[in-house]
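What follows is a set of notes on a single structure, which appears directly below.
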Amino acid sequence: MATHCKDYDFLQIEPHWQTFWEENHSFRTTNDTSKPKYYVLDMFPYPSGAGLHIGHPEGYTGTDIIARYKRAKGFNVLHPIGWDAFGLPAEQHAVKTGTHPAANTQNNITNFRRQIKALGFSYDWEREVDTTDPKYYRWTQWIFLQLFKKGLAYVDERPVWWCPELRTVLANEEVIDGKSEVGSFPVERRNLRQWVLRITAYAERLLADLKDVDWPDSTKRMQEAWIGRSEGAELLFKLEAPELGDLKVFTTRPDTVFGVTYMVIAPEHPLVNALTTPAQRDAVDAYKKKAAGKSDLERTDLAKDKSGVFSGSYALNPANGARVPVWIADYVLMGYGTGAIMAVPAHDERDYEFAVQYQLPIIQVIEPAAAPAAAGEESVAVKLPYSGDGHLVRSGAYSGLPWAEAKQKLTADLTEQGRGKATVNYKLRDWLFSRQRYWGEPFPVLWVTEADYQKAAAVRAADLPPAPVTYRDAATNLTWFALPLPATALPLTLPEVQSYLPSGNGESPLANVTEWLEVWVNLATGAAVPATQAQPAGSEWIRGRRETNTMPQWAGSCWYYLRFIDPRNDQAFADPKLLAYWGVPDLYVGGAEHAVLHLLYARFWHKVLFDLGVVPQAEPFTKLFHQGIILGEDGEKMSKSRGNTVNPDDIIATHGTDTLRLYLMFLGPLEAMKPWNPNGIEGVHRFLQKVWRECLGREGEVNPKISDDASVDSAELVKLLHETIKKVGEDIESLRFNTAISQMMICINAIQKAERVSRATLQQFLQILAPLAPHITEELWARLGGTQSIQLAAWPTYDPAKLVATEQKVVVQVNGKRRAELAVPVGTQQDDAMKLALAHADSAPFLTGKTIKRIVFVPGKILNIVVE
RNA sequence: GCCCGGGUGGUGGAAUGGUAGACACCAGGGACUUAAAAUCCCUUGAUCGUAAGGUCGUGGGGGUUCGAGUCCCCCCCCGGGCACCA
């Protein structure tokens with residue numbers, strides 16, 4: 001089975017064993033439910049044209065080590081890989097070359113697959129998935145239909161980046177400093193019809209359930225911040241002109257309501273026009289125009305420079321009846337809360353800044369707790385704006401109350417008067433789910449007339465949302481109804497197109513494919529024929545226009561971890577029995593750049609599926625780990641333009657995969673950001689050479705120092721071996737591969753120095769090295785007489801009895817400084833240790849003639865003598 | 001500005017409050033060799049000293065402790081995230 005090379009010829013050995021694994025289906029995962037399962041998942045890659053980046057094998061090696069280790073520990077391991085293959089680069093390539101993006105995508109996948117296989121990862125290739133495969137995206141579309149049915153998908157006009165020069169919509173990442181990435185043309189905001197997913201309906205659960213997952217704290221915090229829950233109250237301010245009704249604001253500080261000196265509404269607020277008095281009309285119109293012209297970027301850029309305009313109207317404070325002016329300013333966002341605020345400049349930095357700029361009054365109503373509570377409500381000197389702890393002043397009956405108490409009381413009182421209510425707001429916005437692109441999953445939706453929709457509703461009520469999703473076409477003033485395809489009609493595949501160029505009117509290239517776009521559709525079955533043909537007979541045939549938007553790249557990656565459980569199922573996205581057995585990944589490893597979006601979107605979809613009862617658990621990723629970024633040799637981020645990239649293929653050619661894997665793991669903690677250092681590679685390569693030489697002699701024969709007699713191992717070597725087995729196991733479990741490798745280096749160095757070594761010791765050593773360096777260990781295992789693959793060998797166990805030392809070191813310190821080292825029998829007590837220390841040549845000089853004030857003794861560790 | 005993470009030899013890094021620098025890389029010296037490569041052995045934080053040995057040393061400054069890289073307070077620098085969210 002093994003090769004016959006004399007030296008460590010990795011170029012021969014590595015492909016040999018990769019072929020062996022492939023031919024023997026060594027990593028095929030069966031659904032053997034008698035074993036405990038372990039599901040370890042990598043974030044699947046986008047197969048870019050550039051090929052594998054050195055960052056890919058870093059995380060992938062980590063999970064591969066875990067997968068191989070868990071198999072050896074008796075687990076049924078699921079370790080799959082696939083391709084997140086929809087995406088912009090393939091589409092741009094298609095636009096440029098005119099070739100179908102699928103062709104380019106398949107080429108890239110072929111290259112990625114070759115590179116990944118050359119790294120010797122133990123993936124079950126029979127479970128490979130590809131998000132662009134209709135057999136896969138059929139189920140992406142199916143999940144969309146479930147969201148649609150639940151009323152979690154709707155259509156709205158939303159601003160997107162539009163480039164008039166390129167006549168296309170651009171993604172955020174294609175816009176750099178207000179110019180298109182391609183060609184540097186100016187871009188503008190344009191409102192287009194978009195699909196939006198109601199992720200905000202899940203905001204509370206997405207936040208609350210973070211407590212149930214084992215994730216890096218920083219990632220949890222990022223998601224928390226992104227969801228941005230804040231508790232407060234909505235308060236109603238009467239407008240002075242009674243016909244205008246109320247102005248509703250959201251505030252987290254109802255306790256400061258007596259400090260309100262003005263109001264602000266966003267320039268997009270629906271009341272802007274009604275509130276503007278004739279005298280202010282011109283100023284307001286000019287301001288609105290200016291605000292509309294600003295991009296989001298400019299609006300934030302100009303954050304320091306606040307601007308606004310007086311509307312001319314006044315509102316009445318519900319707490320004290322005070323008359324306050326209503327301003328219009330773009331530091332208030334329409335998208336959050338009610339788009340209107342009560343401004344309390346004394347206790348809010350932004351309001352303060354604005355008040356100073358426009359010379360609006362500032363009334364302090366909170367005083368620091370430490371300040372003397374003056375009876376005459378004389379305020380003490382405090383730097384405004386003040387947002388710290390304190391009690392109320394100048395707040396009528398509420399004066400003197402601590403702010404937290406006042407907040408509750410004021411909210412309750414205003415609620416009673418019908419002027420407010422406690423509410424919770426989230427920063428999280430609904431998820432803009434459509435792209436005006438070709439290379440994505442088509443939406444399985446047709447736009448039909450209301451009459452046709454009602455007709456469909458009569459037979460397919462179960463497929464429809466509680467309220468119809470509609471869209472009013474501004475040009476024709478017609479309202480269209482979104483009719484989903486029946487699940488049985490999926491997948492809705494992408495049609496062939498003449499050109500991958502966008503249509504030019506903001507719609508995707510699909511809008512140009514009339515045959516596909518305009519159809520007669522059977523409302524019951526979803527069957528369709530082009531509208532250019534005669535309407536088929538039967539009342540179930542209606543006229544429809546297909547949705548031309550496609551789904552964003554996130555869609556396919558939102559649920560792929562479920563498909564791996566049952567990737568060829570054509571009846572369901574996965575068999576419920578298998579979902580029950582495999583559940584969700586036990587470990588998910590990927591970059592921290594996905595800390596928010598991918599992980600939040602996937603959690604959202606998973607919860608929807610959970611609510612539908614099709615997955616058994618509420619969270620998709622119980623344990624998450626981020627591998628760190630590998631920087632270039634120069635300590636800078638790797639990039640082609642800097643020329644500091646590292647290609648895994650090159651390292652494999654010069655040093656072999658096992659060396660690359662080991663080196664990536666030895667570089668430092670997996671989660672750390674660390675620079676690539678080509679010199680360090682030699683160290684781990686030498687280590688593998690050393691392992692080879694300890695096993696085999698010059699001619700490739702079994703090293704004559706190896707004995708079948710276990711008693712040739714010294715007690716120290718036995719102890720070290722067992723320590724190593726223990727530490728390597730523990731380190732692998734906690735993904736501390738760098739220290740596992742260092743321990744194995746210590747162990748092989750000791751083996752090398754020993755004159756004889758038992759075969760059993762070397763075999764166990766090879767076993768614990770096998771997850772990290774699988775090829776060389778297979779080879780040496782076979783050469784040392786292993787008849788089966790080393791993967792099939794159970795993980796060695798360590799004997800705690802062998803770890804017990806008879807002697808211990810005790811460091812003698814005098815006044816905290818190390819002075820001597822004692823070798824004492826285990827269990828030595830303080831008195832005996834003291835005697836030895838007083839007699840020891842190194843420590844005695846520091847002790848004789850001194851008064852001992854205190855002795856600190858930690859058995860087996862330290863003896864610290866405090867002297868005068 | 002706010003929230004995280006980090007700062008240890010020439011380099012990557014190691015260290016449950018208990019010998020700082022494990023394990024490697026680099027460098028220097030030696031053995032083997034006709035020579036080289038490979039391999040093996042030794043040295044390798046700084047500093048003073050011929051030496052034994054001493055002193056200093058984990059970004060800076062304070063503190064807690066018998067004892068601090070580790071815990072607490074303040075500050076500096078680097079990386080990441082968020083950024084008018086009321």
Side-chain angles (χ1 to χ4, degrees), chain A residues 7 216-226 228-230 232 249-253 256 264 266 299-306 329-344 347-351 353-354 387 425-429 592-593 595-596 626 628-629 631 633 635 637 663 666-669 671-684 686-687 689-690 693 736 738-749 752-753 809-821 842 845 853-858 860-867:
Chain A
D7 299 326
D217 266 357
S218 56
T219 303
K220 283 194 190 186
R221 262 190 279 264
M222 272 198 239
Q223 292 220 345
E224 275 167 20
W226 192 264
R229 181 182 200 275
S230 67
V249 302
F250 173 73
T251 177
T252 55
R253 295 296 302 274
T256 62
V264 182
R299 242 167 113 152
T300 32
D301 256 9
L302 299 171
K304 289 145 220 139
D305 236 357
K306 289 205 170 31
D330 67 1
Y331 82 90
V332 169
L333 309 174
M334 196 55 225
Y336 182 79
T338 61
I341 62 155
M342 59 179 220
V344 186
H347 305 291
D348 181 283
E349 216 170 297
R350 298 148 301 182
D351 296 344
E353 202 186 315
F354 191 81
S387 53
N425 256 304
Y426 299 92
K427 284 192 215 174
L428 183 68
R429 308 293 155 87
E593 66 273 19
V596 177
H626 299 306
I629 295 170
L631 303 171
E633 250 179 90
K637 219 169 181 174
Y663 179 58
F666 191 60
L667 213 46
E671 68 275 22
M673 178 186 282
K674 49 215 174 250
W676 179 262
N677 173 1
N679 295 328
I681 280 221
E682 299 300 334
V684 287
R686 267 177 228 159
F687 164 68
Q689 298 268 25
K690 200 179 279 190
R693 283 196 312 271
R736 293 194 309 253
N738 54 331
T739 49
I741 294 166
S742 135
Q743 181 67 31
M744 287 190 277
M745 285 173 166
I746 292 169
C747 191
I748 201 69
N749 287 345
Q752 186 210 92
K753 286 188 174 64
K809 257 192 280 183
V810 170
V811 168
V812 179
Q813 294 182 341
V814 178
N815 290 343
K817 281 197 200 301
R818 177 184 181 278
R819 294 302 178 188
E821 194 176 296
D842 291 343
K853 291 178 67 182
R854 185 170 173 187
I855 297 166
V856 179
F857 181 67
V858 183
K861 287 253 166 77
I862 213 125
L863 174 68
N864 190 10
I865 305 157
V866 185
V867 298

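Chain letters run A, B, ... following the sequence lines, proteins first, then strands; residues in each count from 1.
One atom, CG of A:Leu631, and another, P of B:C78, lie 16 Å apart when rounded to the nearest Å. Following rounding to the nearest Å, A:Met222 (CE) and B:G5 (P) show an atom-to-atom distance of 11 Å. Taking atom CE on A:Met673 and atom P on B:G5, their separation rounds to 15 Å, with Å as the unit. We find that CZ of A:Phe354 is positioned 14 Å from C1' of B:A86, with the value rounded to whole Å. Spacing between atom CG of A:Asp7 and atom C1' of B:U39 amounts to 13 Å, rounded to whole angstrom units.
Considering only side-chain atoms of A:Asp348, the nucleotide from B:A86, B:C66, B:A14 that sits closest is B:A86. Of the candidates B:A22, B:A86, B:C4, the closest approach to any side-chain atom of A:Ser218 belongs to B:C4. The side chain of A:Asp330 approaches B:C84 more closely than any other nucleotide in the set B:C66, B:C84, B:U55. The side chain of A:Lys817 lies closest to B:U55, out of B:C23, B:U11, B:U55. Nearest to the side chain of A:Pro675, among B:G13, B:C23, B:C41, sits B:G13. The listed nucleotides are B:C82, B:A22, B:C84; the one nearest the side chain of A:Trp226 is B:C82. Listed nucleotides B:A86, B:U39, B:G67 differ in distance to A:Arg686; the shortest reach to its side chain belongs to B:U39. Taking every side-chain heavy atom of A:Tyr331 into account, B:C84 is the closest of B:C84, B:A22, B:U55. Of the candidate nucleotides B:A86, B:G81, B:C3, B:C3 has the atom nearest to the side chain of A:Arg221. Residue A:Glu821 has its side chain nearest to B:U19 when only B:U19, B:A14, B:A86 are considered.
Taking the side chain as every heavy atom from C-beta outward, A:Glu353 and A:Asp351 never approach each other to under 4.5 Å. Residues A:Tyr663 and A:Asn677 meet the side-chain proximity criterion, which asks for heavy atoms closer than 4.5 Å.
Spacing of C1' atoms, B:C23 relative to B:U44, comes out at 15 Å, to the nearest Å. Spacing of P atoms, B:U50 relative to B:A35, comes out at 37 Å, to the nearest Å. On the P atoms, B:A38 is 11 Å away from B:A27, given to the nearest whole Å. Taking atom P in both B:G7 and B:C25, one finds a spacing of 24 Å when rounded to whole Å. Spacing between B:G10 and B:C76 at atom P, rounded to whole Å, works out to 26 Å. Distance check on atom P: B:G57 versus B:G6 gives 24 Å, rounded to whole Å. Taking the P atom of each, B:U65 and B:G54 are spaced 28 Å apart, rounded to whole Å. Taking the C1' atom of each, B:A83 and B:A14 are spaced 38 Å apart, rounded to whole Å.
As judged by a 4.0 angstrom heavy-atom cut-off over every strand, A:Gln752 is placed among residues touching the sugar-phosphate backbone only. Within 4.0 Å (heavy atoms only), A:Tyr426 reaches no atom of the nucleic acid at all. Among the protein residues, A:Lys220 comes within range of no part of the nucleic acid, since none of its heavy atoms lies under 4.0 Å from any strand. Using a 4.0 Å heavy-atom cutoff across all strands shown, A:Asn679 reaches sugar-phosphate atoms only and no base atom. Using a 4.0 Å heavy-atom criterion, one finds that A:Val866 contacts the sugar-phosphate atoms exclusively. Within the nucleic acid shown, A:Asn749 comes within 4.0 Å of sugar-phosphate atoms alone, with no base atom in reach, counting heavy atoms only. Among the heavy atoms of the strands lying under 4.0 Å from A:Lys674 are primed sugar atoms or P, OP1, OP2 only; no base atom is included. Among the protein residues, A:Arg736 comes within range of no part of the nucleic acid, since none of its heavy atoms lies under 4.0 Å from any strand. Using a 4.0 Å heavy-atom criterion, one finds that A:Asn815 contacts no nucleic acid atom at all.
Between the side chain of A:Lys861 and the base of B:U19 there is no donor-acceptor pair of N/O atoms closer than 3.5 Å.
In this structure, B:G29 is classed as anti because its glycosidic torsion departs from zero by more than 90°.
Taking each heavy atom of A:Ile855 and A:Leu863 in turn, the nearest pair found is CG2-CD1, 3.7 Å. Scanning all heavy atoms of the two residues, the minimum distance from A:Val814 to A:Arg819 falls at CG2-CG, 3.8 Å. Here the closest non-hydrogen pair linking A:Gln813 and A:Ile862 is NE2-CD1, 3.4 Å.
One distance of note links CZ of A:Arg229 with CG of A:Asn425; it measures 10.5 Å at 0.5 Å rounding.
A:Lys674 places a side-chain N or O within 3.5 Å of a backbone atom of A:Pro669 that can act as its donor or acceptor partner.
Between A:Tyr336 and A:Phe250, the angle of the ring planes goes over 60°, which puts this pair in the perpendicular group of the 30/60° scheme.
Dashed line: the shortest gap from a side-chain N or O of A:Arg818 to OP1 or OP2 of B:G67 is not under 4.0 Å.
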